[in-house]
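Accompanying notes for the structure given below.
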Amino acid sequence: MTMRRVAITIAFLGFATSAGACSNVESGTPSAHDSAAPSGTTSPAMAIPQQLDLQSYTSDPCALLPEQLLSSLRYAPEGDVTLPGDESFSQEVAGMSGPYCGWKSEEGAARTLTLTLLTSEFTQGEDVFSRARELHSQGALTLWEELDVSEYPAAYWGIQDNRQRGDCALLVAVSDQDFLAVSADMYLEEPESACLDVESVTKSAIDNLREGS
């Protein structure tokens with residue numbers, strides 16, 4: 001269920017053919033029409049300091065994060081890669097959002113971590129940021145809160161704002177057409193740590209992409 005969050009949001013933004021069927025996974029209620037008033041802030045588009053390339057990681061998005069970081073966040077270092085395909089529902093999800101990697105807590109806790117690579121192949125060359133910002137202003141996205149991460153434009157986003165429940169999702173633009181989506185979910189015992197972990201993961205991913213550029 002956690003792995004579907006990004007795909008559903010992307011579909012909702014209109015970058016996948018099933019956008020009209022989007023709904024909130026956890027509650028099962030339609031999100032585009034029944035969401036609460038928007039929360040968060042918007043700001044002018046931020047410049048991207050260096051165009052980063054995701055292509056070398058699309059076959060193994062798990063390789064983008066070092067084991068040392070995952071261990072420090074108490075995640076098992078071995079992630080589960082899901083690539084686009086039609087043999088399973090998870091592969092169909094990856095076909096909507098892009099390849100992703102998911103990690104589980106090494107302590108057996110419910111919390112999970114997901115990293116998705118949104119390349120132009122999956123966004124169809126659209127500016128995800130501008131589209132999401134527009135939908136937030138229309139009230140379709142409840143959460144859109146912009147910030148910068150390692151000088152790259154980013155935003156906490158979601159059809160609903162579930163950060164107080166321990167769910168946190170961050171979108172970051174690493175080039176004009178490529179984006180990273182990082183989510184931490186089910187942080188039931190420490191909800192305040194979800195966004196902290198998401199930012200740590202995003203910073204690490206950007207650092208690794210910079211080193212490879």
Side-chain angles (χ1 to χ4, degrees), residues 4-25 30-55 57-58 61 64 84 93-100 114-163 167-184 195 198-199 201-203 205-206 209-210 213:
R4 306 176 195 176
R5 182 181 304 279
V6 170
I8 288 172
T9 306
I10 293 297
F12 178 75
L13 291 176
F15 301 124
T17 57
S18 60
C22 172
S23 64
N24 177 269
V25 172
S31 302
H33 304 291
D34 295 341
S35 60
S39 65
T41 59
T42 60
S43 63
M46 292 174 279
I48 295 173
Q50 177 186 357
Q51 300 286 318
L52 301 177
D53 187 3
L54 299 179
Q55 288 302 319
Y57 291 96
T58 54
L64 194 50
V93 168
M96 287 193 291
S97 65
Y100 63 81
T114 308
L115 171 66
T116 305
L117 309 187
L118 285 72
T119 64
S120 57
E121 178 183 356
F122 301 97
T123 64
Q124 300 175 23
E126 295 283 351
D127 185 341
V128 177
F129 245 72
S130 296
R131 179 63 172 154
R133 187 187 290 117
E134 176 187 357
L135 288 177
H136 172 73
S137 68
Q138 296 171 355
L141 278 181
T142 301
L143 175 61
W144 181 256
E145 188 173 300
E146 295 187 25
L147 67 157
D148 70 271
V149 177
S150 298
E151 300 182 342
Y152 282 79
Y156 291 116
W157 69 327
I159 297 174
Q160 295 181 347
D161 186 356
N162 292 326
R163 288 176 293 179
D167 298 336
C168 186
L170 186 68
L171 177 72
V172 58
V174 296
S175 75
D176 291 336
Q177 295 187 338
D178 293 345
F179 305 82
L180 292 175
V182 182
S183 64
C195 288
V198 161
E199 286 197 35
V201 166
T202 303
K203 290 176 181 178
I206 290 174
L209 289 169
R210 278 175 163 166
S213 297

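Using a 4.5 Å heavy-atom cutoff, the side chains of Leu170 and Leu147 are in contact. Annotation: side chain of Thr142 is not in contact with side chain of Ile159 (no heavy-atom distance under 4.5 Å). The shortest side-chain heavy-atom distance between Leu52 and Ile206 falls under the 4.5 Å cut-off. Side chains of Glu121 and Thr58 form no contact here, defined as non-hydrogen atoms less than 4.5 Å apart.
At distances below 3.5 Å, at least one donor-acceptor pair connects side-chain atoms of Tyr152 with backbone N or O atoms of Gln50.
With sequence neighbours excluded, the residues that form a side chain to side chain donor-acceptor pair (under 3.5 Å) with Ser130 are Asp127. Under the rule for a side-chain contact (heavy atoms from CB on, under 4.5 Å), the partners of Ala173 that lie at least two apart in sequence or sit in another chain are Ile48, Phe129, Pro153, Phe179. Shown here are the side chain to side chain donor-acceptor pair (under 3.5 Å) partners of Gln177, two or more places apart in sequence or in another chain: there are none. A search for side-chain contact (heavy atoms from CB on, under 4.5 Å) contacts involving Glu151 returns Pro49, Arg210, not counting sequence neighbours. With sequence neighbours left out, the salt bridge (charged side-chain N to carboxylate O under 4.0 Å, His left out) criterion links Glu134 to Arg131. Not counting sequence neighbours, Tyr57 has no partner by the ring-ring contact (aromatic ring centres under 6.0 Å, His included) test.
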Mind running side-chain contact (heavy atoms from CB on, under 4.5 Å) on Ser183 and Val198 for me, showing each step along the way?
-> CA-CA 6 Å; Ser183 64; Val198 161; 5.6 Å; no
Under the side-chain contact (heavy atoms from CB on, under 4.5 Å) criterion, do Leu180 and Leu117 qualify, and how do the steps go?
-> CA-CA 5 Å; Leu180 292 175; Leu117 309 187; 3.3 Å; yes
Decide yes or no on side-chain contact (heavy atoms from CB on, under 4.5 Å) for Asp161 and Glu145, but give the supporting numbers first.
-> CA-CA 10 Å; Asp161 186 356; Glu145 188 173 300; 5.9 Å; no
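Here Leu209 contributes atom CG and Leu54 contributes atom CG; the two are 5.5 Å apart, rounded to the nearest 0.5 Å. Rounding to the nearest 0.5 Å gives a distance of 8.0 Å between NE2 of His136 and CG of Leu143.
The minimum heavy-atom distance between Cys195 and Arg163, with the atom names listed, is SG-CD, 3.8 Å. Ala154 and Val149 get closest at one heavy-atom pair: CB-CG2, 3.8 Å.
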